[in-house]
Protein chains: 2
Amino acid sequence: MDTKLLVVDDDPNICEILKLYFENEGYNVKCANDGIEGINLFKIYEPSLVLLDIMMPKKDGWQVCREIREISSKPVIMITAKGEVFDKVLGLELGADDFIVKPFDMKELSARVKAVLRRYNAQVSVSDEEVVKYENIEISLQKYELKINGKAIDIPPKELELLYFLASNCNRVFTRDQLLDKVWGFDYLGDSRTVDVHVKRLREKLEGVSDKWSLKTVWGVGYKFDTVG
Amino acid sequence: MDTKLLVVDDDPNICEILKLYFENEGYNVKCANDGIEGINLFKIYEPSLVLLDIMMPKKDGWQVCREIREISSKPVIMITAKGEVFDKVLGLELGADDFIVKPFDMKELSARVKAVLRRYNAQVSVSDEEVVKYENIEISLQKYELKINGKAIDIPPKELELLYFLASNCNRVFTRDQLLDKVWGFDYLGDSRTVDVHVKRLREKLEGVSDKWSLKTVWGVGYKFDTVG
DNA sequence: AACGTTTATTCACATAATATTTATAAAATT
DNA sequence: AATTTTATAAATATTATGTGAATAAACGTT
């Protein structure tokens, strides 16, 4: 997991405890002690989720939430002290995703964090089809399936993604670095030989299947999904 | 758009999330936490549509629906918890326009709201079947029943729901997070390994039953109900 | 055409990521 | 209270992925 959390709370103890706890759960955590710092850190740290205390000096949680919403839709969980005047409606209008009342049980908070992240990640795209067809090959990201001559072929995710990317940009050459960027992600740290190996494995699966297309090496440059005509 | 919705539900969390969601869709939303408050708010707020939970303290959804019908013909969508005794006939007699079972998918609810509003403006009413058939398998949400080769198989609710969802979106891969969201509900707090275990139990019941379809694992992604052809 | 240089391919292995299974505990239902 | 269903946690099994080294191919230069 490489999920980044941002804790914004003026109480250093709470920050510390949350940091320790969530780091132990495998998250990456940074803390800010007031609203202004929180917003700044949000911009540079780019967390996946924000835990936001409401009662804070300088800039309160409401204000921080509002400003975050102006630049991002990342999930925000508001933290409110018991007895504090707490306007849920306002929170919802500002776009908070969930609430928890201090003092809270860490397990519950943790479960809520997970649930909110899940909800955020679970958006199912209905609209786009994400299928590439050419001649006797068909690649579907939605089904995560490769079909050759109508028959489904077992294929690992990364290989499918690589093939999909190349095929959906057919005849165009990509360098290994570009492919790492596009298929593996911009934050991927690794050797560009990795691409070669995946290409090799793809070729094993695809060899002799068609003379209308192939995975071509462009020497000194990279690879392309080559089609005739 | 300036369509007003009234949400009547004793669970504040559900209210909140519905409010947030539908406001984001451009509706105007108000919430009531029990039946009496619901009827009062109906009179002064004059919503275009009511989302009405059945199980509530003070006054239940049936009663609220009846009272609304005495003064208005505005559309009402009943919300019922799974497993709850749910009398569709009674609902229809009371004049409800549609039903949805908790936990529901927000997109689906949203679609139903839209549909009911459209119907209301066009003065037509339809009801849907909620059955999936494919080859020798038949899954009915209405009857909560799984039939294989025409024979009913005992199956727990959650398993049926999961199977139903996957089968009604066959060949499409869903991540565990998406499945938790769609089948367990957006407010579910829990682990995604849960999905695995349910899949396992489904497989026990379904194995060797057909070679036309199966519950497939898509490595690194999730699961799908796979069909040939 | 032969050489050295660069670049690509292949292979085998290690590691990391993920899925399955099992057992058990907790909830819910009857 | 007993039974069934559901959720959790841990152990095990499986698969994908990445790495580095060895090999092969392409290229440019002479």
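Chain letters run A, B, ... following the sequence lines, proteins first and then strands; every chain starts at 1.
Along DNA chain D, the nucleotide nearest to A:Pro157 and the one nearest to A:Lys107 differ in position, and the one closer to the 5' end is contacted by A:Lys107. Residue order along DNA chain D, read from the 5' end via each residue's closest nucleotide, puts B:Ile155 first among A:Lys158 and B:Ile155.
Taking 4.0 angstrom as the limit, B:Trp184 places a side-chain polar atom (N or O) nearer than this to OP1 or OP2 of D:dA7. The phosphate of D:dT6 has neither OP1 nor OP2 within less than 4.0 Å of any side-chain N or O from B:His198. A sub-4.0 Å separation between OP1 or OP2 of D:dA10 and a side-chain N or O of B:Arg193 is absent. A:Thr194 has a side-chain polar atom (N or O) that falls below the 4.0 Å cut-off from OP1 or OP2 of D:dT19.
Aromatic ring centroids of A:Phe165 and A:Phe225 lie 6.0 Å or more apart.
Note that CG of B:Leu202 is 6.0 Å distant from CG of B:Leu215, once rounded to the nearest 0.5 Å. Distance check: B:Arg66 CZ to B:Ile39 CD1 gives 10.5 Å after rounding to the nearest 0.5 Å. Annotation: the span from A:Glu161 atom CD to A:Leu166 atom CG amounts to 12.0 Å, rounded to 0.5 Å. Here CG of B:Leu18 is found 7.0 Å from SG of B:Cys31. Values are rounded to the nearest 0.5 Å.
Rounding to whole angstrom units, CG of residue A:Asp154 and P of C:dT18 are separated by 18 Å. Across the protein-nucleic acid pair, A:Lys205 atom NZ and D:dT15 atom C1' stand 12 Å apart, rounded to whole Å. Rounded to whole angstrom, the span from the CD atom of B:Glu204 across to the P atom of D:dT6 amounts to 14 Å. Between B:Leu202 atom CG and D:dA7 atom P there is a gap of 13 Å when expressed in whole angstrom units. Atom pair A:Arg176:CZ and D:dT19:C1' shows a separation of 15 Å (rounding to whole Å applied). Rounded to whole Å, the distance from CG on A:Leu180 to P on D:dT19 is 10 Å. As a whole-Å value, the separation of B:Asp177 CG from C:dT18 C1' is 14 Å. The interatomic distance linking B:Leu163 (CG) with D:dT6 (P) rounds to 13 Å, in whole Å.
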Query raised in the report: Between B:Tyr223 and B:Arg176, does a side-chain hydrogen bond (donor to acceptor under 3.5 Å, both in side chains) hold up when you go through it step by step?
Result: CA-CA 8 Å; B:Tyr223 298 99; B:Arg176 293 174 177 74; 3.1 Å; yes
**Report entry** Chi angles and distances behind the side chain to side chain contact (heavy atoms under 4.5 Å, CB included) call for B:Phe22, B:Val7
**Finding:** CA-CA 10 Å; B:Phe22 281 107; B:Val7 176; 5.7 Å; no
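Listed by residue number, B:Thr217, B:Val218, B:Trp219, B:Gly220, B:Val221, B:Tyr223 are the residues of residues 211-226 of chain B with a heavy-atom contact under 4.0 Å to DNA chain C.
When heavy atoms are screened at a 4.0 angstrom cut-off, B:Asp196 is found touching base atoms of the nucleic acid. Residue B:Arg201 is in base contact, counting any heavy-atom pair closer than 4.0 Å across all strands shown. At the heavy-atom level, A:Val197 lies under 4.0 Å from base atoms of the strands shown. Among the atoms of the strands shown, base atoms are found under 4.0 Å from some heavy atom of B:Lys200.
Put simply, the side chain of A:Ser210 gets close to the backbone of A:Lys212: a donor and an acceptor are under 3.5 Å apart.
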